[in-house]
Amino acid sequence: MFHTTLRALRVAFALACLGAAAQAPAQNLPKIAVTDLSYEEKVKEYFQYFEAREKHDNSYSANGSFRDSANSSSGSASERASSRGESSVVAASGSITVISRGEMRKFTADIKGELLKSGAYRLVQGKPWTQQNTEKLYDIIARIKQGYYPGADYVLFGSINNIDFRQENNPIQGSNAVSYSLALELVGEFSLINTRTYEIKAAFSAMGEGSDTRLVNAAGTRISLNKSKVMQEVSRSLGEAVANEMEAQFNPSGVSGTARGSARNAMPAGGAAQEERTVVFK
């Protein structure tokens with residue numbers, strides 16, 4: 001009985017040590033705030049302007065005198081008239097470029113999810129960008145100083161570089177079938193910035209892509225492609241690409257995602273190492 005109790009205490013002590021060792025590194029993991037994806041859109045607008053102006057200045061004056069008597073008569077008269085007019089026409093046409101900037105409230109949930117699944121980081125929630133002065137959207141240092149990311153050791157700042165939306169109808173040769181496809185590719189640029197030193201710890205571009213394809217044989221059939229599926233695939237693939245780049249450039253834990261997955265698979269169902277028993281026959 002004494003040996004059994006002693007062995008149980010040893011096992012409990014070992015499990016407690018393992019739990020403390022597992023929690024200590026977790027507390028030291030860097031805290032990261034992930035911003036919404038910034039974007040800048042340039043739109044050309046056509047304009048046409050026409051204005052006609054006309055001005056007239058008319059003046060008229062007359063004076064006269066007359067004297068009549070029995071012996072003589074005299075008289076004088078004068079008259080002056082003038083007319084002057086001016087007209088002008090102003091016409092212009094062309095195009096102006098309107099720049100729209102902001103943050104897209106999409107595609108970041110899967111980025112956060114993949115970073116959490118890696119086990120190398122902790123995440124904190126930052127404040128969204130709501131200012132009207134969009135020229136300062138990309139001044140991430142100013143946003144850090146203004147307290148947009150409280151408690152964060154690093155800020156993962158992302159901006160959209162390119163979005164390519166394609167919808168195509170391609171006849172299949174040798175048949176009456178037509179392939180309808182909807183595809184989206186999104187490329188973003190990311191920088192991981194230290195909130196205390198403003199040092200860039202990682203910088204990379206990542207792409208997310210998704211598509212939906214339908215094959216139709218009957219001519220004139222209405223097709224409804226699944227846009228939600230495409231958006232979900234783009235979000236997930238973008239999250240995986242960002243997590244892979246982060247692991248390659250900034251991984252404080254030093255453990256790869258493959259190694260972490262193998263370690264989890266090697267653990268027994270109870271999560272603790274099984275006790276190895278030896279039976280001695282006397």
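The chain is numbered in sequence order, starting from 1.
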Worksheet item: salt bridge (Lys or Arg N to Asp or Glu O under 4.0 Å) with Asp212: which residues, sequence neighbours excluded?
Response: Arg214
Fill in: Straight-line distance of Tyr138 OH to Ser191 OG, nearest 0.5 Å
12.0 Å
Discussion item. Can you list everything that forms a side-chain hydrogen bond (donor to acceptor under 3.5 Å, both in side chains) with Ser38? Sequence neighbours excluded, please.
Written reply: none
Response to the item:
Quick note, ring-ring contact (aromatic ring centres under 6.0 Å, His included) partners involving residues 187-209, not counting sequence neighbours, are Phe190-Phe204
Item to complete: Report the hydrophobic cluster partners of Val124, with the cluster defined as I, L, V, M, F, W, Y residues connected by side-chain heavy atoms closer than 4.5 angstrom, directly or transitively.
Response: none
Discussion item. Run Ile32 and Met246 through side chain to side chain contact (heavy atoms under 4.5 Å, CB included) and show every step you take.
Written reply: CA-CA 12 Å; Ile32 297 178; Met246 284 285 289; 3.8 Å; yes
Item to complete: Only counting residues at least two apart or in another chain, list the ones meeting salt bridge (Lys or Arg N to Asp or Glu O under 4.0 Å) with Glu240.
Response: none
Practice prompt. Only counting residues at least two apart or in another chain, list the ones meeting side-chain hydrogen bond (donor to acceptor under 3.5 Å, both in side chains) with Arg143.
Written response: Glu103, Tyr149
Worksheet item: Which residues satisfy the salt bridge (Lys or Arg N to Asp or Glu O under 4.0 Å) test with Lys201, sequence neighbours excluded?
Response: Glu199
Discussion item. Taking the side chain as everything from C-beta on, heavy atoms only, tell me whether Asn217 gets closer than 4.5 Å to Asn176.
Written reply: no
Review item, side-chain donor-acceptor pairs of residues 151-165, under 3.5 Å, at least two apart:
{"from": "Asp153", "atom 1": "OD1", "to": "Arg196", "atom 2": "NH1", "distance (Å)": "3.3"}
{"from": "Asp153", "atom 1": "OD2", "to": "Lys31", "atom 2": "N", "distance (Å)": "3.0"}
{"from": "Asp164", "atom 1": "OD2", "to": "Arg166", "atom 2": "NH1", "distance (Å)": "3.0"}

Fill in: side chain to side chain donor-acceptor pair (under 3.5 Å) contacts in which one or both residues fall within residues 223-232, not counting sequence neighbours
Lys229-Glu233
Response to the item:
Gln125 meets the side chain to side chain contact (heavy atoms under 4.5 Å, CB included) criterion, sequence neighbours left out, with Lys112
Worksheet entry | Any residue meeting side chain to side chain contact (heavy atoms under 4.5 Å, CB included) with Ile172, in chain and number order, not counting sequence neighbours | Ser175, Ala177, Ser179, Leu215
Response to the item:
Applying side-chain hydrogen bond (donor to acceptor under 3.5 Å, both in side chains) to Tyr148 and not counting sequence neighbours gives Gln131
